[in-house]
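All remarks here apply to the structure that follows.
Numbers here simply count residues along the sequence, with the first being 1. Just the heavy atoms: all of them, side chains too, but no hydrogens, waters or symmetry mates, feed the values below.
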Amino acid sequence: MFVAPDPGRMRLRNSARAVIGVAAAVALAEVCGLSQTASITGGLAALLALFTVLDADVRAQRLTTALLPVAGFPVLALATALHGVPLARDAAFLAVVFAGVYARRFGPRGHALGIFGFMMFFVTQFLHARPGQLPGLFAAVGLALVASGAVRFLLWPIERRTPPPAAPPGLPGTGLARPTTRQAFQATAACAFALGIGQALSDDRWYWAVGTAWWIFVNTASRGETLVRGFRRVLGTVVGIAAGLLIAVPLHGAPAPTAALVAVCVFGIFYTAAPSYSWMMFFVTVMAGLLYGLLGVLHPGLLLLRFQETAIGALGAALAVVIILPVTTHAANDAWIQRALHCVRACTAAALDRLAGDPDADPAPHAAELELLLGRVRMALAPLVHPLSPLRARKARARQVLALLDDCARDVRGLVTVAADPQASHDARLAAACWRVEAAVEALTAPGATTELATAPHPRPAAAEPALAHLHGLEHTLVALATPLRTDPRAPLVISA
């Protein structure tokens with residue numbers, strides 16, 4: 001995990017910036033004389049603003065950050081007002097869950113605002129905030145967003161130099177066929193289950209079960225992805241609880257070492273979020289234990305209760321994703337793979353136009369989009385390649401698909417590099433090779449296609465013809481993809497001698 005690729009050290013810089021942003025938010029709340037509850041709320045608000053606001057350009061990020069109070073303040077007011085009215089509070093929490101997940105249909109901004117609204121309700125339960133504390137909470141959140149925004153956009157504007165790539169739009173659909181709508185119903189059902197069983201286990205800490213169910217549905221698109229994420233969340237929580245017993249409990253809430261370790265946890269959350277969800281949950285769990293120590297309520301039994309509530313939330317998510325409007329892993333896999341293949345075709349066509357002398361043709365954006373789509377393909381296929389997956393044949397085919405798509409991406413990157421060279425030449429063979437690539441993609445992606453792919457592509461060109469070599473590589477790879485993509489998912493694995 002700590003040796004995972006980090007191009008441009010973006011994860012490292014983003015993690016360091018997050019520590020500064022959260023520390024600045026907490027320090028500002030303390031300087032202003034706000035309560036400990038308000039300071040913790042401000043620190044969480046800063047963390048969320050830096051973690052969830054992922055718009056494609058800096059201007060959009062600033063607007064989303066400015067809109068966070070619009071989503072968060074009404075939820076804070078509602079949650080504190082209903083503190084002593086359990087039934088109304090529970091119903092309101094589930095309404096916030098549904099709205100927060102449904103908002104993901106509006107892209108990165110809706111995603112960020114939905115998470116922020118949910119977490120504002122969650123933190124009032126975590127801190128047992130009451131209506132009299134509301135002005136301080138408002139002030140802390142406002143100051144935190146100002147502080148974290150200043151760090152992000154003024155002190156250390158990483159995105160200005162290297163804008164984050166735009167996330168690929170979600171899978172299409174309307175009504176209940178839209179994945180975000182299905183997830184809204186699934187997450188609400190899961191959270192309702194978690195809330196009911198969680199409250200039966202504990203009247204004070206039930207919200208951990210709800211939080212677990214909610215977060216399992218973040219950045220997942222299928223039944224398999226959700227089940228794998230639930231497993232990883234429980235695993236990270238168990239290891240984090242063990243670490244909390246060794247680290248957080250002996251501290252007894254001592255302010256200085258607790259603050260230092262919370263800073264380490266914030267860094268770890270941001271640094272591990274992309275490569276390992278389990279490690280991210282480890283740091284979240286340790287940080288929660290440290291905060292409980294700071295509040296003076298930490299003891300080993302509380303950490304055990306945290307595990308039990310996490311297991312309830314994970315079980316709720318698993319039941320909901322299997323029973324309520326399920327999206328099968330195969331359907332999600334097929335949709336993302338097809339989008340990746342169409343992107344390969346678009347990049348190839350743009351590269352050919354560029355080599356033919358069209359100055360407006362640019363394959364680079366298509367290549368960047370392909371990398372993002374392959375990331376989604378890896379997430380979609382993760383349940384099949386998981387070490388505990390019992391589906392041996394599907395696991396082997398999924399690994400083959402991933403390897404071949406990585407080969408496609410490598411040839412696409414090479415083609416983009418060649419197309420950017422003003423001295424690169426163009427001839428009729430390039431056009432013919434491009435047409436063969438497009439035909440291969442069409443044969444793989446056309447609905448109900450039965451067209452046979454060529455099994456004997458043209459001989460490999462000389463190394464002195466790099467554009468032709470990359471097109472040839474794409475052609476060979478697409479031909480090879482036909483076998484794993486067209487094999488019935490339920491078919492047994494056939495190993496050739």
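For residues 212-236, the set of pairs meeting the salt bridge (charged side-chain N to carboxylate O under 4.0 Å, His left out) definition, not counting sequence neighbours, comprises Glu225-Arg376. The stretch residues 181-197 participates, sequence neighbours left out, in these side-chain hydrogen bond (donor to acceptor under 3.5 Å, both in side chains) pairs: Arg104-Gln183, Gln183-Thr220. For residues 136-148, no residue pair satisfies the salt bridge (charged side-chain N to carboxylate O under 4.0 Å, His left out) rule, not counting sequence neighbours. For residues 34-45, every residue pair satisfying the side-chain hydrogen bond (donor to acceptor under 3.5 Å, both in side chains) rule, not counting sequence neighbours, is listed here: Glu30-Ser39. Applying the side-chain hydrogen bond (donor to acceptor under 3.5 Å, both in side chains) test to residues at least two apart or on different chains, none of the pairs has a partner in residues 294-304.
Between the CG atom in Leu374 and the CG atom in Leu405 there is a gap of 5.5 Å [rounded to 0.5 Å]. Rounded to the nearest 0.5 angstrom, Thr124 OG1 and Leu137 CG are separated by 8.5 Å. Going from atom OG1 of Thr258 over to atom CG of Leu295 covers 10.5 Å, rounded to the nearest 0.5 Å.
Nearest heavy-atom pair across Leu34 and Gly136 is CD1-O, 4.0 Å. Between Ala49 and Ser148, the shortest heavy-atom distance links the atoms CB-OG, 4.0 Å. Closest of all the heavy-atom pairs between Val19 and Ala263 is CG2-O, 3.5 Å.
Val141 places a side-chain heavy atom less than 4.5 Å from the side chain of Met120. Proximity of Leu50 to Phe270: side-chain heavy atoms (C-beta onward) are separated by under 4.5 Å at one or more points. Looking at Ile197 and Leu201, their side chains never come closer than 4.5 Å, going by heavy atoms from C-beta outward. Contact annotation: the side chain of Leu415 never approaches that of Cys347 to less than 4.5 Å [non-hydrogen atoms, C-beta and beyond]. Val321 is not listed as a side-chain neighbour of Pro326, based on a closest heavy-atom distance of 4.5 Å or more. Using a 4.5 Å heavy-atom cutoff, the side chains of Val210 and Phe118 are in contact. In this structure, the side chains of Leu143 and Cys32 come closer than 4.5 Å at one or more pairs of heavy atoms. Side chains of Leu298 and Val249 form a contact here, defined as non-hydrogen atoms less than 4.5 Å apart.
Put simply, the side chain of Arg130 gets close to the backbone of His128: a donor and an acceptor are under 3.5 Å apart.
When the side chain to side chain contact (heavy atoms under 4.5 Å, CB included) test is applied to Leu134, the partners found at least two apart in sequence or on another chain are Leu76, Ala77, Thr80, Phe138. Here Val385 pairs with Ala398, Arg399, Leu402 under the side chain to side chain contact (heavy atoms under 4.5 Å, CB included) rule; sequence neighbours left out. By the ring-ring contact (aromatic ring centres under 6.0 Å, His included) test, Phe185 pairs with Phe98, sequence neighbours left out. Residues forming a ring-ring contact (aromatic ring centres under 6.0 Å, His included) with Phe122 (at least two apart in sequence, or on another chain): Tyr207, Trp208. Ile241 meets the side chain to side chain contact (heavy atoms under 4.5 Å, CB included) test with Thr237, Thr285, Leu303, Arg306, Phe307; sequence neighbours excluded.
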Requested in this report: Determine, stepwise, if the pair Cys265 / Val284 fulfils side chain to side chain contact (heavy atoms under 4.5 Å, CB included).
Outcome: CA-CA 7 Å; Cys265 290; Val284 168; over 6 Å; no
Requested in this report: Report the C-alpha separation of Phe116 and Phe51 in whole Å, then their side-chain angles, then the decisive distance to 0.1 Å, and conclude whether the ring pair (Phe, Tyr, Trp, His ring centres under 6.0 Å) test is met.
Outcome: CA-CA 10 Å; Phe116 196 79; Phe51 189 82; over 10 Å; no
**Report entry** From CA spacing to verdict: side chain to side chain contact (heavy atoms under 4.5 Å, CB included), Met119, Thr52
**Finding:** CA-CA 11 Å; Met119 288 303 295; Thr52 64; over 6 Å; no
Requested in this report: Mind running side chain to side chain contact (heavy atoms under 4.5 Å, CB included) on Phe121 and Phe126 for me, showing each step along the way?
Outcome: CA-CA 9 Å; Phe121 207 115; Phe126 179 82; over 6 Å; no
Report task. Check step by step if side chain to side chain contact (heavy atoms under 4.5 Å, CB included) holds for Asn333 and Val377. Result -> CA-CA 7 Å; Asn333 293 345; Val377 170; over 6 Å; no
Donor-acceptor list for residues 84-91 side chains, cut-off 3.5 Å, not counting sequence neighbours:
from, atom 1, to, atom 2, distance (Å)
Asp90, OD1, Gln199, NE2, 3.2
Asp90, OD2, Gln199, NE2, 3.1

Validation: residues 65-75 side-chain donor-acceptor distances under 3.5 Å, sequence neighbours left out:
from, atom 1, to, atom 2, distance (Å)
Thr65, OG1, Gln61, O, 2.8

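Phe267 has its ring centre no less than 6.0 Å from the ring centre of Phe283.
Checked by atom type, the side-chain pair Arg17/Asn14 shows a donor-acceptor distance below 3.5 Å.
We find that Asp334 and Arg339 are not joined by a salt bridge, their nearest charged nitrogen and carboxylate oxygen being 4.0 Å or further apart.
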